[in-house]
Amino acid sequence: MADGSPARVPSDTSPHVAPDGRFRNPWPNAEPPTFRDVLRWRRTRGTEPRPAPLLPGRVPPAIDAPRGARDTLAATWIGHSTVLLQVGTLNVLTDPMWSRRASPLRWAGPARLTEPGLSLDALPPIDIVLISHDHYDHLDAASVRALARRHPAARWFTPLGVARYVRRWGARAVTELDWWHAVDDGGVRIACVPAQHGSGRTPFDRMQSLWCGFTLRAAAHSIYFAGDTAYHPEFGEIARREGPFDLCMLPIGAYEPRWFMRPVHVNPEEAVRAYADIAAVHPGCPPPVALAVHWGAFTLADEPMDEPPRRAQSAWGGSGFDAARLWILSLGETRRLPARGA
Ligand code: ZN
Ligand code: ZN
């Protein structure tokens, strides 16, 4: 599998590269909030005490150790967008985040309200790590360092401009991908796909690295991890090119207030709409399972902590989808899917 230098230097004719070389969302009304917007949101956020959040439950994990069987797919929700996927015999982690705060500072910034559902020590051997973008709740230095030390053979995949962080923190085999670029190796295919979001870890590096979703096909299964995203017109195209999927990991949290969050985060109704776009592409296939992520660990927005799963369930039911195909997991919970057609 490719390693070392970036897979590709972004061409300045790519629709998601702005004339000044920064990245952008190539769709109308998709400009992420500016620093001024952040200040405006802070001012209008109000100081009235909020009710204590209703946190997700937790259960003891039941992972396949060290590896799953060839034709099974198991997903264990560790918290937020961190999921252990056991795809056949392959062990995959998405956006690994174990730290106390999603912040550059140890003493300020969004603090964890729930413990990770699986400890770093309890992980099976990790083969692949997918990093969707550079925000602190998805790209965490301490978690990358710990994983790079414990799982030196892991292969890491990032969008353009993010590899330098994970290499600096000790990851060895790192592949950077642009949207619609893919790596095929030994029966595993990983593709980097569009998302509508933004990037930046300081006030000075806004939109200087790319954000993305990933698709992964291995053994008998195919998975779509949407990363952080707003609703955009290309969910169907992602399914057309890389589906059909067995499992779609879709974000459901951090969406209020809408004037601020709408360009960067779907709300639960939009997550279900994105799912409908994906499912419509392959009407002959069983619809994928949707695993709800990006909620339950950090307060990043104004909605109550327990609202995203409630609204997701209600939008799901309202769209007429099978309730058993929406997975709202407890922390640490493992669920399994049989192979397609089994
Ligand atoms: Zn983000
Ligand atoms: Zn996020």
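Both counts, for ligands and for their atoms, begin at 1 and track the order of listing. Values below: every heavy atom of this structure, side chains too, minus hydrogens, waters and symmetry copies.
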Anything under 30° is parallel, anything over 60° is perpendicular, the rest tilted; go ahead and classify [X] against [Y].
X: W27; Y: W179; value: parallel
X: W316; Y: Y275; value: tilted
X: H80; Y: H294; value: tilted

**OP:** Give the name of the N/O/S atom in H135 that lies closest to the Zn ion (ligand 1).
**Re:** ND1
Original post:
Do any of the N/O/S atoms of H133, backbone or side chain, fall under 2.8 Å from the Zn ion (ligand 1)?
Top reply: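 So H133 does bind the Zn ion (ligand 1) by this criterion.
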Subject >> Metal check, the Zn ion (ligand 1) vs H197 N/O/S, cut-off below 2.8 Å >> reply: yes
Nearest to the Zn ion (ligand 2), which N, O or S atom of [X] do we find?
X: D137; answer: OD2
X: D228; answer: OD2
X: H138; answer: NE2

Original post:
Is L139 close to Y165 at the side-chain level, that is, under 4.5 Å between some pair of heavy atoms?
Top reply: yes
Original post:
Looking at Y231, does the NZ or CZ of R273 lie under 6.0 angstrom from its six-membered ring centre and within 45 degrees of the ring axis?
Top reply: yes
